[in-house]
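Read through the structure below, which is laid out as structure tokens, and then see the notes.
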Amino acid sequence: MTSRPAWRLRPLVESDVWSQRFTRAATGTGPLDGCRVAVKDLFDVAGVSTLAGRAECREQPSAAADADAVGLLRAAGAALVGHTTMTQLAFSGVGQNPDFGHTAGALSPDGQAYMAGGSSRGSALAVAHGLADIGLGTDTGGSCRIPAACNGLYGFKPTARRVSLRGAMPLAPSLDSVGVISADLAQGVAAMQVMLGAQAVNAPLPRLFVPSFACTGCDEAVRSGFEWAIGRLQAVGFRVERRELVAEVAYRELQSLPSLASIEAYQLYPDARALGVTDPSVVRRIQLGAAADGARVRALRTQLVNAFAGEVGADLLLMPTLPWLPPLTAAAEDPASFDDINRQALHNSAFVNLADGCAVSIPLPSDVPVSVTLAAPAEQDERLWGFANELDRAVN
């Protein structure tokens, strides 16, 4: 791969990572013994207020019990180290939060602040800075995979219904997924295995489809890294096909309409400001769901799910996780450019959520933060983890 100015670890800024620090010991022993978990601040942790990115909620009643996902990790031997910063109500791929400060990715070629990714920004930063081994997050349109890609990490989005969301503040219930971010693929797989109650399986190598939308708008660094990864995968026996999927027809139309996430978020939070939301971009995007044609959007989503499962079957998608290197925070959070950058950040990852799929994003061994994503239809998580290991061995 072409040598470029290296993106190196920036100095730690604690306010970028934590909304509140605490220590919760493991409640059992198991495969995650000694693992430190940073928890996105929309999961309940017993005895702590759940802020979901809203500083005004610090005085609200503490949670009575751990969220189901938190409880499973603790029962497997993990210790909790704190709640992490996030986009308010988890509604952005950028990671901005006016209450907890601007985003600042862990990596930078020149010491400036670059986009950390959202909405699980703090969980990614905790892992990138070595403050945690696993970042627990949610993924509604890419909110684990995007910050993982921005910070040189692995991001996991399971089949949505396979991990309980009880005790997690929702955004769009039909799209929300519980995922994790890790610096080590095996450790991320171990955490997902605990939450899904399943083990990775090995299977014959599938075909890898590169959908026609996947490389739209990619910059030179991402394009060259992606092509390098394809070459490595073909060298170890993967068959790679570039094609337009039938599911892309529905996806293109969905991209021209108010999002399903906006529609479902508005149903939950018609007055987000009354709930302590201070980010105008989050309020505005929720309001887009007020007058949307929900029936049309849901019908198109059903078409996409059916087409994706029928066409891809036991094969996989291969895509760049992001189309470009992380932009400067100043650009990502500027109201004049926010919508465009957020849309581009979500472009590939949101397809998987809408298609009811599962995905793993994998960083490439580059001197810049470039990442690729493997995705499969629903209920193929165990196979996907095995193939992700094969991909990681091929490129890393």
Side-chain angles (χ1 to χ4, degrees), residues 17-91 99-100 119-120 122-123 126-127 131-140 143-144 156-182 188 190-198 264-265 267-269 275-277:
V17 181
W18 304 111
S19 60
Q20 42 198 341
R21 294 294 298 267
F22 52 78
T23 301
R24 291 289 185 276
T27 56
T29 59
L32 299 181
D33 276 355
C35 180
R36 300 163 299 156
V37 175
V39 180
K40 186 177 185 177
D41 200 358
L42 54 64
F43 289 97
D44 287 347
V45 173
V48 181
S49 297
T50 307
L51 308 184
R54 301 160 298 158
E56 292 181 13
C57 296
R58 288 191 185 280
E59 303 305 319
Q60 71 181 15
S62 301
D66 289 343
D68 285 356
V70 171
L72 288 170
L73 295 175
R74 290 183 69 203
L80 312 183
V81 293
H83 266 150
T84 61
T85 54
M86 55 176 282
T87 307
Q88 293 180 339
L89 302 185
F91 205 10
D99 287 6
F100 290 93
S119 60
S120 306
S123 292
V127 173
L131 305 175
D133 304 299
I134 294 292
L136 180 64
T138 55
D139 191 308
T140 303
S143 286
C144 282
F156 293 78
K157 179 250 179 286
T159 302
R161 55 188 166 274
R162 296 196 62 182
V163 183
S164 170
L165 282 156
R166 189 171 67 172
M169 191 169 183
L171 173 64
S174 72
L175 301 173
D176 294 342
S177 309
V178 177
V180 301
I181 298 167
S182 65
M192 294 308 304
Q193 289 178 160
V194 164
M195 291 193 293
L196 270 69
E264 295 190 359
Q267 292 171 343
L268 290 170
Y269 313 116
L275 297 175
V277 175

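Sequential numbering from 1 along the given sequence is applied to the chain's residues.
Within the structure, side chain to side chain donor-acceptor pair (under 3.5 Å) pairs that include any residue of residues 64-86 comprise Gln20-His83, Asp41-His83, Asp66-Arg74, Asp68-Ser164, Asp68-Arg166, Thr84-Ser123, Thr85-Arg121 (at least two apart or interchain). Screening residues 169-180 for salt bridge (charged side-chain N to carboxylate O under 4.0 Å, His left out), with sequence neighbours left out, gives no hits. For residues 24-36, every residue pair satisfying the side chain to side chain donor-acceptor pair (under 3.5 Å) rule, not counting sequence neighbours, is listed here: Arg36-Asp133.
The CG atom of Asp99 sits 9.5 Å away from atom CG of Leu51, with the distance rounded to the nearest 0.5 Å. In this structure, Phe156 CZ and Asp139 CG are separated by 12.0 Å, a value rounded to the nearest 0.5 Å.
Taking each heavy atom of Gly167 and Ala67 in turn, the nearest pair found is O-CB, 3.3 Å. The two atoms that bring Leu196 and Pro158 nearest to each other are CD1-CB, 4.1 Å, heavy atoms only. Contact between Trp18 and Ala126 at its shortest, heavy atoms only, is CH2-CB, 4.2 Å. When all heavy atoms of Ala69 and Phe43 are compared, the closest pair comes out as CB-CE2, 4.1 Å. Contact detail for Leu136 and Gly179: the closest heavy-atom pair is CD1-O, 3.6 Å. Of all heavy-atom pairs between Val194 and Pro31, the closest is CG2-CG, 3.7 Å.
Residues passing the side-chain contact (heavy atoms from CB on, under 4.5 Å) test with Ala160 are Lys157, Ser177, sequence neighbours excluded. With sequence neighbours excluded, the residues that form a side chain to side chain donor-acceptor pair (under 3.5 Å) with Arg161 are Asp356, Glu379. The side chain to side chain donor-acceptor pair (under 3.5 Å) test applied to Glu264 returns Ser174, not counting sequence neighbours. Applying the side-chain contact (heavy atoms from CB on, under 4.5 Å) criterion to Ser119, with sequence neighbours excluded, gives Lys40, Thr87, Ala90, Ser143. With sequence neighbours excluded, the residues forming a side chain to side chain donor-acceptor pair (under 3.5 Å) with Thr159 are Asp381, listed by chain and number.
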Using distance only, find each side-chain donor-acceptor pair of residues 57-64 under 3.5 Å and give its atom names and separation, not counting sequence neighbours.
from	atom 1	to	atom 2	distance (Å)
Arg58	NH1	Ser19	O	3.3
Gln60	NE2	Thr50	O	2.4
Ser62	OG	Gly47	O	3.4

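By the 4.5 Å heavy-atom criterion applied to side chains, Asp44 and Val70 are not counted as neighbours. The side-chain heavy atoms of Leu32 and Leu73, taken from C-beta on, include a pair separated by under 4.5 Å.
For Ser120 (side chain) and Thr138 (main-chain N/O), a donor-acceptor pair under 3.5 Å exists by modelled atom type.
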